[in-house]
Amino acid sequence: MVPAARFAVVIVAFALLVPASSRASLAPRPGVRVPLVPVAGGWAVTVGVRGRQLRLLLDTGSSRSYVRREVAVSLDLRPRARFDIVDAAGSSVGVCAGPVPIRLGAFAASVDCLSWRPGAAPGEAALLPRGIDGILGADAFAGARVLIDPESGSLTVGGPELDEWIDGTEAVSGVSEGRFWIELRTVANRAVSARALRRVVDSGTDRTLLFGAAACAHARAPNDTSPALRLETLSGARRAHAVRLPQLVSGDWRLRGTSALLLPEVQDRQEDGVVPLSGLGAIYLDASAGRVVLGARLRTTP
């Protein structure tokens, strides 16, 4: 009995000798960390759906999550609604089931309307490579916070407890139909009075897109267009011209120099275009507040 008691005292005394700051730094970070797998110009994540592990492309630019028709059949998904799926190449009929519970590691979420095409999907083969079962859209994070960090190859998802752990640059931002957008201005027009471009943050593409009036404004720039390039979507493919963009900023944060594909207005889209997450780096998304943090990282302590 005596040796055991003396051992316990030594252990407690050692713990008290550790500086408070060191003990705090050992506190576990919040949220659930899920690996990001590079694929097809973006990233895939493993998602648990009805006892199956699906590999889905992470696509924050899509308001709905999507699976291949054969996957929907194997999961015994029953359509509850029909709707038009609209993208840059056109539209097609889709159906959806839900709400469908999903799991990202130990994190439980729900997709309100998991969609698929009951008929042929012209662009599916090009957009979803072999081994990819579908798309994980922004709707999967409607009740969550998520830190997407391509450099570390991870996605951290959690609840409000994540907020106080995040450092980075707050963007002027919001959420429209589940999609996150940020405001970007040219370096020469930082004044608040100058019109900003409202761009959707899209992890599902490596191309910058400009729609409608924003596209027309850039298209008028002389000698600034390139040969038409091919853009793949679920609805098929279309060709579009590209323009060079001036450097864009959000506060003190600068977007890397890039070009954009010019597209006509997309039905029901209020934003000016799309900015690929691959050009933004690590980013924190909070759907509850429409909050976007650029250059985001987890602190060592809250």
Enumerate donor-acceptor pairs with a distance under 3.5 Å from any side-chain N or O in residues 125-132 to protein atoms, sequence neighbours excluded.
none

Euclidean distance, R238 CZ relative to L231 CG, rounded to 0.5 Å: 8.0 Å
Trace of the side-chain contact (heavy atoms from CB on, under 4.5 Å) decision for S173 with F180: CA-CA 7 Å; S173 59; F180 291 86; over 6 Å; no
Check whether [X] reaches the backbone of [Y] with its side chain - one donor and one acceptor, N or O, closer than 3.5 Å.
X    : Y    : result
T60  : S203 : yes
S62  : D59  : no
E151 : D149 : no
D272 : R198 : yes
R103 : A106 : yes
T156 : V32  : no

Residues 207-214, side-chain donor-acceptor partners within the protein, below 3.5 Å, at least two apart:
none

Residue pairs involving residues 60-70 (criterion salt bridge (charged side-chain N to carboxylate O under 4.0 Å, His left out); sequence neighbours excluded): R68-E124
Qualifying salt bridge (charged side-chain N to carboxylate O under 4.0 Å, His left out) pairs, either residue in residues 46-57, two or more places apart: none
More than 12 heavy atoms from other groups under 6.0 Å of CZ on R80: yes
Salt bridge (charged side-chain N to carboxylate O under 4.0 Å, His left out) against D286, all qualifying residues, sequence neighbours excluded: R145
Sequence-distant partners of E170, salt bridge (charged side-chain N to carboxylate O under 4.0 Å, His left out), two or more places apart: R291
Verdict with reasoning, W116 to L77, per side-chain contact (heavy atoms from CB on, under 4.5 Å): CA-CA 10 Å; W116 68 95; L77 296 178; 3.7 Å; yes
Name of the residue among S65, S110, S63 meeting side-chain hydrogen bond (donor to acceptor under 3.5 Å, both in side chains) with D139: S65
